[in-house]
There are 2 protein chains.
Amino acid sequence: MNAPRPNAPQGARARARIEVTAAIKDEARRQLAAEGAAKLSLRAVARELGMVSSALYRYFPSRDELLTALIIDAYDSLGAAAEAADAKAAGAVPAERWVAVCEAVRGWALAHPHEYALIYGSPVPGYSAPETTIPSAARVGLLLIGIVRDAYQRNGVARTPLPAELKPEAQRMAAALAPDLPPEAIASMIAAWAQLYGLVGFELFGQFNKVVEDREAFFRHAAARLAHEVGLVFS
Amino acid sequence: MNAPRPNAPQGARARARIEVTAAIKDEARRQLAAEGAAKLSLRAVARELGMVSSALYRYFPSRDELLTALIIDAYDSLGAAAEAADAKAAGAVPAERWVAVCEAVRGWALAHPHEYALIYGSPVPGYSAPETTIPSAARVGLLLIGIVRDAYQRNGVARTPLPAELKPEAQRMAAALAPDLPPEAIASMIAAWAQLYGLVGFELFGQFNKVVEDREAFFRHAAARLAHEVGLVFS
DNA sequence: CCAAAGCAAGAGCAGTGCTCTCTAATGTGG
DNA sequence: CCACATTAGAGAGCACTGCTCTTGCTTTGG
């Protein structure tokens, strides 16, 4: 008699499937956080879940597919953290929002080092991220573009002139990413975006050992300089 | 009668040892370049060399030790490439030497992606680089400091004032790395150093796919902006 | 109600890092 | 010059990995 409720799609089996899939990802994420991507073992995940390793292949066709799922989750987690930080700084001037987002990225990276390494470190060998990851991967970049856009619509942004050889490329990038913004701003914003991850990566991967001690202050200043480089002003 | 020549240290056995050690590293480097660090297999190296895997442990006590040797070599190779680029630009102004070194780093990274990933990507899981790597790892950084020093001794460098919270740290860094240079220059130089690797890493690890097309021009401009940020001027 | 599809389990293959034991070649001191 | 000690290599073996295939069992939809 009682028909399946709409939030119970396709009966108990399908529900079990999403639950098991989630459990696998959770356990995999635990191992990832504990030991790093290369030591993530399908067999160990299955063992911990009380199932046999071959059963796991019903849910993820290969180890790489599992990693892809974790990569997307990591991008989304980082993106959400960055967006939350931006929302919290909603009232501030764009330059301060920029710094807030940079600090959120750094904070997330320090809290999830192995997941950060998974998405921004060396790509897992022989593995190249599929198209599926693109939307999640783009979130932080889009957020930064949004901040620059807000600044531009308020007061405009300071423009550093581009060399002739870069003008066509900058115009192309602007047309593709933010046609309403000046190419100079887009070009410097993309450079700053990449440089942000240089700062975070160096701290995370130990390159700052015995070099930078007060990393929090160092990073805050560097992020502020990046904002300045993009043309944002602290009012 | 004929005593062992001085360039044949400790007889034939020791000589064979260095040769075999070198052969192992060479083959390992080949596999590293072909497949990446995680797929580097001791057994495959041994197989290729016509020896049995256990024999390899006479030369490297573990896979990690082999990787460490490769890491040091990679750092040295990169450092040599950077130094060569600097030497070639010896006559130019410091800002141009800076850009030349940056481009050399990028060029080396594009030519040796897996080795670059080995040293600047995520550290190999569970592995932390031992002290032995430090001197080789420092070469590019020291080179950049040298360029800033030359600029400072010629015309001085443009100084961007530091926020109060960063002053002590900047003074500490300057005292440790280059007591003869102003703290502002050292602080911005270290940030630029890290940011350089953000630019290279993003390009190498595919983050610029569908975003930046003319990467050469983009990078050159970004490197020039870094030089400017450090206080170097293109005269 | 019954065939079809989904699922878990087990065995098995080829590969890995690493250890241990044994033999043979190579050095070295008396 | 020879006995002893050191060292290189070989082979077997352990515990692990990703992945495949077959075999039954359970759920599901017509």
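Contact annotation: side chain of B/Arg43 to base of C/dG17, donor-acceptor pair present below 3.5 Å. No hydrogens or angles were tested; on distance alone, nothing pairs the side chain of A/Arg17 with the base of C/dG6 as donor and acceptor under 3.5 Å.
Here A/Ser62 does not reach the OP1 or OP2 of D/dG18: none of its side-chain N or O atoms lies under 4.0 Å away. Here B/Arg47 reaches the OP1 or OP2 of C/dT16: one of its side-chain N or O atoms lies under 4.0 Å away. Side-chain nitrogen and oxygen atoms of B/Arg13 include none within less than 4.0 Å of the OP1 or OP2 phosphate oxygen of C/dT26.
A straight line from NZ of B/Lys39 to C1' of C/dA14 spans 15 Å, rounded to a whole angstrom. Rounded to whole Å, atom P of D/dT17 lies 11 Å from atom CG of A/Leu40. For A/Leu42 and D/dC16, the CG to P distance is 16 Å, given to the nearest whole Å. Taking atom CZ on B/Arg15 and atom P on C/dT26, their separation rounds to 13 Å, with Å as the unit. For the pair A/Asp64 CG and D/dG18 P, the computed distance is 11 Å after rounding to whole Å. When rounded to the nearest whole Å, the span between CD of A/Glu65 and C1' of D/dG18 equals 14 Å.
Contacts of residues 19-31 of chain B with DNA chain D (heavy atom under 4.0 Å): none. Heavy-atom distances under 4.0 Å link DNA chain C to A/Met51, A/Val52, A/Ser54, A/Ala55, A/Arg58 of residues 51-58 of chain A, given in residue order.
Nucleic acid contact for A/Leu49: none, since no nucleic acid atom lies under 4.0 Å from a heavy atom of the residue. Across all strands, B/Tyr59 comes closer than 4.0 Å only to sugar-phosphate atoms, never to a base (heavy-atom distances).
Ion pairing between a basic and an acidic side chain is recognised when a charged N comes within 4.0 Å of a carboxylate O; A/Glu27 and A/Arg30 show such pairing.
Ring geometry for B/Phe202 against B/Phe208 counts as perpendicular: the plane angle is over 60°, on a 0 to 90° scale with 30° as the lower cut.
The salt bridge (charged side-chain N to carboxylate O under 4.0 Å, His left out) test applied to A/Arg58 returns no partner, not counting sequence neighbours. Among residues two or more places apart in sequence or in another chain, the ring-ring contact (aromatic ring centres under 6.0 Å, His included) test is passed with A/Tyr75 by A/Tyr120. By the ring-ring contact (aromatic ring centres under 6.0 Å, His included) test, B/His112 pairs with B/Trp108, sequence neighbours left out.
Between B/Glu35 and B/Leu40, the closest side-chain pair of non-hydrogen atoms is not below 4.5 Å.
Note on residues 38-61 of chain B: no pairs pass ring pair (Phe, Tyr, Trp, His ring centres under 6.0 Å), not counting sequence neighbours.
Considering all non-hydrogen atoms of both residues, B/Val211 and A/Met173 come closest at O-CG, 3.5 Å. Between A/Leu204 and A/Ala109, the shortest heavy-atom distance links the atoms CD1-O, 3.5 Å.
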